[in-house]
Amino acid sequence: MSVPAHSLESVTQLRDAGLLVALNAPESMAAEQYRVLLNRLDRVCTERPLRAIAISSCARGEGRSLTAANLALTAAREGREVVLVECDLKRPSLSHLFDLAPRAGLAELAEGKAELPQALSRVGNLAVLCAGEGRERAAAMGSPRFTTALDTLRASFSLIVLDAPPALALSDAGQLATAADGVILVVRVGETPRDMVRMAVETLSHRLIGIVLNCAEQPSYSRYLRHEAAGA
Ligand SMILES: Nc1ncnc2c1ncn2[C@@H]1O[C@H](COP(=O)(O)OP(=O)(O)OP(=O)(O)O)[C@@H](O)[C@H]1O
Ligand SMILES: [Mg+2]
């Protein structure tokens with residue numbers, strides 16, 4: 001599938017660019033965590049096919065978009081054919097995060113006002129399908145055209161990362177959980193209430209493939225590595 005290229009330089013000028021660690025700080029411990037996540041996904045893939053993975057959370061602002069973007073960038077850096085799809089039409093952020101020019105996106109695809117090739121952008125190796133500017137946003141996930149677009153992406157990409165709406169808040173999320181092969185739940189450490197996590201786990205049921213703890217302390221092995229380096 002041929003899509004227009006987008007320069008990487010402008011990405012580095014973004015305010016939130018520092019948080020796109022898979023792109024801007026690939027040697028960091030934070031970027032390593034996304035490689036660990038991808039690696040664990042690969043292991044799950046040996047047991048069940050996972051091509052389209054939805055990144056959701058219990059509520060808003062827990063880090064779904066950053067997790068989805070960094071996971072997709074990590075896979076793209078490894079040379080995989082990966083597309084990041086912004087399915088959170090109510091609060092889109094990816095065009096801002098990647099500094100992409102406004103263009104047709106998922107909303108226009110669902111309304112039949114655009115075709116997939118004109119809606120896709122590229123950030124380096126990564127293909128990105130943003131939410132777009134369409135007005136009938138709420139209807140997008142239920143649209144048969146959305147299902148068709150997802151099928152086309154499945155045929156062209158080995159990994160589809162869906163930046164999904166919160167799992168408990170919106171009907172869109174339920175439709176998306178069904179369309180995806182599995183769901184990763186992002187939980188913001190110290191903020192997401194335990195009861196909400198329990199409810200989301202029950203709601204997602206067998207579709208849940210794992211939980212990402214966002215904004216967690218660095219894992220203890222990073223301290224171990226630092227001690228090792230100091231003692232070397
Ligand atoms: N690991 C992190 N470290 C620092 N800041 C973070 C981290 N994860 C998320 N944030 C910040 O928290 C805010 C929300 O992150 P993000 O947009 O990824 O979450 P979201 O779940 O997609 O939110 P929304 O519900 O608005 O779509 C952003 O301002 C982001 O910069
Ligand atoms: Mg978001």
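Atoms within each ligand, like the ligands themselves, are counted from 1 in listed order. Keep in mind that what you see is a predicted model, and the values were worked out from it rather than measured. Numbering of residues begins at 1 and proceeds along the displayed sequence.
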Would you mind listing which atoms of ligand 1 come within a distance below 4.0 Å of any non-hydrogen atom of D88? 27 (O)
Which ligand 1 atoms does N214 reach within 4.0 Å, using its non-hydrogen atoms? 1 (N), 2 (C), 7 (C), 8 (N), 9 (C)
At what distance, to the nearest 0.5 angstrom, does CZ of R91 lie from OG of S65? 9.5 Å
Rounded to the nearest 0.5 Å, how far apart are CG of N214 and CG of L66? 7.5 Å
Using modelled atom types only, decide if a donor and an acceptor are shared between the side chain of S205 and the backbone of V201 within a distance under 3.5 Å. no
Report, as yes or no, whether the 6.0 Å neighbourhood of atom CZ on R194 holds more than 12 heavy atoms from other residues, nucleotides or ligands. no
Who's closest to [atom] heavy-atom-wise, of [options]?
atom: atom 7 (C) of ligand 1; options: C215, G63, A59; value: C215
atom: atom 23 (O) of ligand 1; options: C58, S56, G61; value: G61
atom: atom 3 (N) of ligand 1; options: V186, L66, L19, L94; value: L19
atom: atom 21 (O) of ligand 1; options: R64, Q33, R188; value: R64

Hey, are R64 and D88 close enough for a salt bridge, meaning a charged N less than 4.0 Å from a carboxylate O? yes
Quick check on side chain to side chain contact (heavy atoms under 4.5 Å, CB included): which of L159, T148, V83, L162 does L153 satisfy it with? V83
Out of the candidates I53, I55, L41, T74, only one should pair with V161 under the side chain to side chain contact (heavy atoms under 4.5 Å, CB included) rule; please name it. I55
N or O contact, [X] vs ligand 1, cut-off under 3.5 Å:
X: E62; value: yes
X: R60; value: yes
X: S93; value: no

So that I can check it, does any N, O or S atom in S65 come closer than 2.8 Å to the Mg ion (ligand 2)? yes
